[in-house]
**Student:** 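I am attaching a structure below and will ask some questions about it afterwards.
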Amino acid sequence: MEKYVLSSKTLKELEDIVIAMDEPKFRAKQLYSWLYTKYASDFDQMTDISKTFREKLKQNALITDIKIKQRQISADKTIKYLLEYTDGNVAECVLMRFDNRPNLTACVSSQIGCPVGCVFCATGKTGFVRNLTSKEIVEQIMIMQRDTGLRISNVVFMGQGEPLLNLDNVLEAINIINDSVGIGIRRMTVSTSGIIPGLKRLKDINFQATVALSLHAPNHEIRQQIMPIEKKYRVEDVIEALKDLVNTTGRRATIEYTIIKGVNDSLSQAKEVLQLLKGLHCNINIIPYNNACNAEFEKPSEEHINKFKFILERSSYKVTVRLERGADIDAACGQLSGKMKNV
Ligand code: SAH
Ligand code: SF4
């Protein structure tokens with residue numbers, strides 16, 4: 001018989017499992033608490049559970065069926081995990097700490113590979129394999145909590161994959177992360193390359209997490225050269241859909257702008273970006289291009305990025321430059337390829 005997998009299950013699902021194991025329903029609450037608040041990684045840690053039930057659990061259940069295939073720790077303490085799912089596919093997730101802040105942010109993947117194929121992104125280069133299930137998404141957070149013993153406070157869907165092309169599972173995962181893992185929806189961010197039907201659906205459900213749009217270009221012409229999705233959903237229409245969403249939810253969007261030397265970084269392009277965003281409630285996050293096995297591209301100098309930022313700030317947007325985390329272990333934005341590194 002296949003073993004029950006307990007982690008990332010809802011309380012109701014755990015109740016069904018303990019009942020199927022001929023145990024009283026209250027045992028599910030005990031398991032739930034060991035899994036979600038004490039990050040138990042072994043049944044023997046569950047000391048308030050009788051020895052006989054623990055033995056039964058060892059026989060019939062697993063805490064998780066997902067393996068940590070590799071763990072890399074960066075000089076800035078970012079941890080990148082390569083996880084192996086039951087079908088042998090792998091995906092990465094990243095745990096980031098920011099200095100002077102107690103927050104721990106988990107960057108999670110929503111798909112194995114990505115079908116969008118942005119030219120500057122290592123994930124895009126790998127092609128698309130499959131969607132992750134809601135449990136496979138939640139498990140990334142559970143695994144990082146179990147591995148470190150630390151509570152994660154924020155979640156960003158900025159790992160591999162396009163979350164809005166796996167929206168059913170992403171929304172279900174967000175519910176579990178909210179209800180069971182205990183991370184408030186406003187502490188979650190979903191980043192998208194701009195899938196209009198997905199944005200419309202988020203509007204319809206009055207989605208309360210932050211939505212981040214990967215803009216990366218000042219206009220249609222440049223965007224279609226680096227993001228093939230622009231051929232399907234034009235940037236002006238994407239921004240309209242985002243405005244609709246923001247006006248419904250009342251939640252300010254984030255605009256991500258990966259800045260690439262000679263491609264989208266001129267100061268006149270900064271002005272064009274402002275034109276494009278007119279009327280949208282948003283913060284802007286500039287991401288200096290990270291090397292992602294594409295020799296064509298380079299990041300602009302820090303001085304130049306600051307000039308670009310200064311122009312954007314003129315129209316009272318809050319503009320930040322994203323701190324580069326984990327670049328030495330290929331854990332920074334755009335560097336997740338799902339490949340193992342020899343260490
Ligand atoms: N697929 C979603 C989620 C990925 S989020 C999306 O594209 O929005 C990761 C962010 O890093 C996105 O804004 C993505 O466009 C950006 N990115 C991808 N490759 C990058 C690179 N090489 N350097 C910097 N940012 C990159
Ligand atoms: Fe996919 Fe995002 Fe990478 Fe584009 S940037 S290929 S949408 S993961």
Side-chain angles (χ1 to χ4, degrees), residues 78 80 91-94 96 105-132 137 140 154-167 169-170 173 188-196 198-199 202 209-217 222-233 235 238 242 253-261 263-265 273 282-300 305 320-327 330-338:
T78 297
K80 180 169 84 166
E92 283 161 317
C93 54
V94 179
M96 299 170 284
T105 300
C107 175
V108 299
S109 293
S110 55
Q111 298 180 315
I112 308 233
C114 180
V116 177
C118 305
V119 299
F120 45 78
C121 172
T123 308
K125 289 235 174 73
T126 61
F128 174 66
V129 181
R130 68 167 174 88
N131 284 330
L132 290 176
I137 295 171
Q140 298 173 53
N154 298 66
V155 176
V156 295
F157 284 79
M158 295 190 184
Q160 288 159 294
E162 168 48 62
L164 267 49
L165 291 178
N166 184 18
L167 199 46
N169 292 342
V170 165
M188 297 187 225
T189 300
V190 174
S191 176
T192 177
S193 57
I195 310 294
I196 292 179
L199 293 171
L202 295 180
T210 302
V211 174
L213 171 69
S214 293
L215 181 66
H216 308 336
I222 294 177
R223 199 168 190 262
Q224 70 174 355
Q225 288 167 23
I226 54 176
M227 299 178 72
I229 195 76
E230 177 70 20
K231 296 192 175 82
K232 190 154 186 197
Y233 304 116
V235 67
V238 173
L242 188 57
T254 298
I255 294 293
E256 297 165 284
Y257 196 91
T258 292
I259 190 162
I260 310 173
K261 192 172 173 178
V263 174
N264 61 7
D265 69 333
V273 169
C282 63
N283 299 319
I284 303 175
N285 193 214
I286 300 173
I287 314 175
Y289 170 73
N290 290 305
N291 191 9
C293 38
N294 192 334
E296 262 177 82
F297 294 135
E298 263 179 74
K299 74 170 129 192
I305 294 176
T320 45
V321 177
R322 189 173 294 180
L323 276 178
E324 201 174 89
R325 311 308 288 175
D330 282 352
C333 306
Q335 292 184 319
L336 301 181
S337 65

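Worth knowing before you read on, the calculation uses all heavy atoms, side chains too, and leaves out hydrogens, waters and symmetry mates. Just follow the structure's listing: the first ligand is 1, and inside any ligand the first atom is 1. If you read the sequence from its start, that first residue is 1, and numbering goes on from there.
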**Student:** Using modelled atom types only, decide if a donor and an acceptor are shared between the side chain of Lys80 and the backbone of Glu92 within a distance under 3.5 Å.
**Tutor:**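 No, Lys80 side chain to Glu92 backbone: no donor-acceptor pair under 3.5 Å.
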
**Student:** Atoms of ligand 2 less than 4.0 Å from Gly124 heavy atoms?
**Tutor:**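 Answer for ligand 2: 6 (S).
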
**Student:** Strictly under 4.0 Å, does any heavy atom of Ser193 approach an atom of ligand 1?
**Tutor:**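 Yes.
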
**Student:** Under the criterion side chain to side chain donor-acceptor pair (under 3.5 Å), I'd like the reasoning laid out for Thr192 against Glu162: C-alpha separation, chi angles, the key distance, then a yes or no.
**Tutor:** CA-CA 6 Å; Thr192 177; Glu162 168 48 62; 2.8 Å; yes

**Student:** So, Gln335 side chain and Asn291 main chain: donor-acceptor pair closer than 3.5 Å or not?
**Tutor:**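 Checking the backbone N and O of Asn291 against the side chain of Gln335, a donor-acceptor pair under 3.5 Å is found.
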
**Student:** Please work out whether any backbone atom (N, CA, C, O) or any side-chain heavy atom from C-beta onward of Met158 is under 4.0 Å from ligand 1, and answer side chain, backbone, both or neither.
**Tutor:**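 Both of them.
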
**Student:** Which is closest to atom 1 (N) of ligand 1 in terms of heavy atoms, Ser191, Gly161, Ala122, Ser110?
**Tutor:**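 Selected option, by shortest heavy-atom distance: Gly161.
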
**Student:** For atom 20 (C) of ligand 1, what is the nearest protein heavy atom, given as residue, atom name and distance?
**Tutor:**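 Answer for atom 20 (C) of ligand 1: Gly334 CA, 3.3 Å.
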
**Student:** In sequence, state the C-alpha distance, the side-chain angles, and the governing distance for Arg325 and Cys107, and then conclude on side chain to side chain contact (heavy atoms under 4.5 Å, CB included).
**Tutor:** CA-CA 11 Å; Arg325 311 308 288 175; Cys107 175; over 6 Å; no

**Student:** What's the verdict on side chain to side chain contact (heavy atoms under 4.5 Å, CB included) for Ser110 and Leu132, showing C-alpha distance, side-chain angles and the deciding distance?
**Tutor:** CA-CA 6 Å; Ser110 55; Leu132 290 176; 5.6 Å; no

**Student:** Select one of side chain, backbone, both or neither to describe which atoms of Leu213 lie under 4.0 Å from any atom of ligand 1, heavy atoms only.
**Tutor:**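 The answer is neither; Leu213 stays 4.0 Å or more away.
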
**Student:** For atom 2 (Fe) of ligand 2, which protein heavy atom lies nearest, and how many Å away is it?
**Tutor:**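 That would be Gly161 O, 4.5 Å.
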
**Student:** Evaluate the side chain to side chain contact (heavy atoms under 4.5 Å, CB included) criterion for residues Ile284 and Leu215: first the C-alpha distance (whole Å), next the side-chain angles of each, then the deciding distance (0.1 Å), finally the verdict.
**Tutor:** CA-CA 10 Å; Ile284 303 175; Leu215 181 66; over 6 Å; no

**Student:** Would you check whether Pro163 has a nitrogen or oxygen atom less than 3.5 angstrom from a nitrogen or oxygen atom of ligand 1?
**Tutor:**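 Not met; the criterion fails.
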
**Student:** The test is side chain to side chain contact (heavy atoms under 4.5 Å, CB included); show your working for Cys333 and Met158 and say whether it passes.
**Tutor:** CA-CA 8 Å; Cys333 306; Met158 295 190 184; 5.9 Å; no

**Student:** Is it true that a side-chain atom of Tyr233 and a backbone atom of Ser193 form a donor plus acceptor pair closer than 3.5 Å?
**Tutor:**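 No, the answer is negative, given that no donor and acceptor are paired below the 3.5 Å cut-off.
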
**Student:** To the nearest 0.5 Å, how far apart are CG in Leu199 and CG in Leu167?
**Tutor:**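 It comes to 9.5 Å.
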
**Student:** Run the contact test for Gly117 against ligand 2 with a 4.0 Å cut-off on heavy atoms, strictly below, and give the result.
**Tutor:**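 It does; at least one heavy atom falls under 4.0 Å.
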
**Student:** Ring centroids only, cut at 6.0 angstrom: are Phe297 and Tyr289 within range, meaning strictly under it?
**Tutor:**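 Between Phe297 and Tyr289, the centre distance is under 6.0 Å.
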
**Student:** Show which atoms of ligand 1 fall inside a sub-4.0 Å distance from at least one heavy-atom site of Gly159.
**Tutor:**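 Answer, ordered by atom number: 4 (C).
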
**Student:** Any atoms of ligand 2 less than 4.0 Å from a non-hydrogen atom of Cys114? List them with their elements.
**Tutor:**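 Listed by number with element: 1 (Fe), 6 (S), 7 (S), 8 (S).
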
**Student:** For Thr258, counting its heavy atoms only, list the atoms of ligand 1 lying under 4.0 Å from any of them.
**Tutor:**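 Result: 16 (C), 17 (N), 23 (N), 24 (C), 25 (N), 26 (C).
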
**Student:** What's the shortest distance from atom 12 (C) of ligand 1 to any protein heavy atom, and which residue and atom give it?
**Tutor:**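 Going by distance alone, atom 12 (C) of ligand 1 is nearest to Ser214 OG, 3.3 Å.
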
**Student:** Testing Glu256, Glu230, Arg223 for side chain to side chain contact (heavy atoms under 4.5 Å, CB included) with His216, which one passes?
**Tutor:**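 Among Glu256, Glu230, Arg223, the one meeting side chain to side chain contact (heavy atoms under 4.5 Å, CB included) with His216 is Glu256.
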
**Student:** For atom 11 (O) of ligand 1, grab the closest protein heavy atom and report residue, atom and distance to one decimal in Å.
**Tutor:**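 Among all protein heavy atoms, the one nearest atom 11 (O) of ligand 1 is Cys333 CB, 3.4 Å.
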
**Student:** Check each of Met227, His216, Glu324 against atom 14 (C) of ligand 1 and report the one with the nearest heavy atom.
**Tutor:**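 Going through Met227, His216, Glu324 one by one, His216 has the nearest heavy atom to atom 14 (C) of ligand 1.
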
**Student:** How far is atom 7 (S) of ligand 2 from its nearest protein heavy atom, and which residue and atom is that?
**Tutor:**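 Going atom by atom, the protein heavy atom closest to atom 7 (S) of ligand 2 ends up being Val116 CB, 3.6 Å.
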
**Student:** Distance under 4.0 Å to a non-hydrogen atom of Cys121: what atoms of ligand 1 satisfy this?
**Tutor:**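 The list of qualifying atoms is 18 (C), 19 (N).
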
**Student:** Checking a contact table here: which protein heavy atom is nearest atom 4 (Fe) of ligand 2, and how many Å away?
**Tutor:**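 Ranked first by proximity to atom 4 (Fe) of ligand 2 is Cys118 SG, 2.4 Å.
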
**Student:** Give me the nearest non-hydrogen protein atom to atom 10 (C) of ligand 1 as residue plus atom name, then the distance to 0.1 Å.
**Tutor:**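 Here the closest protein heavy atom is Glu256 OE2, 3.8 Å.
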
**Student:** Is it the case that the side chains of Thr320 and Asn285 hold a donor-acceptor pair, with the cut-off being a distance below 3.5 Å and no angle test?
**Tutor:**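 There is such a pair (donor and acceptor under 3.5 Å, judged by atom type) between the side chains of Asn285 and Thr320.
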
**Student:** For the side chain to side chain contact (heavy atoms under 4.5 Å, CB included) test, which of Val190, Ile137, Ile195, Thr189 pairs with Pro163?
**Tutor:**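 The side chain to side chain contact (heavy atoms under 4.5 Å, CB included) with Pro163 is passed solely by Val190 among Val190, Ile137, Ile195, Thr189.
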
**Student:** Which bit of Asn290 is near ligand 1, meaning a heavy atom under 4.0 Å away: side chain, backbone, both or neither?
**Tutor:**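 Near ligand 1, Asn290 shows its backbone as well as its side chain.
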
**Student:** So, Cys121 and atom 1 (Fe) of ligand 2: N/O/S under 2.8 Å, yes or no?
**Tutor:**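 No, outside the cut-off.
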
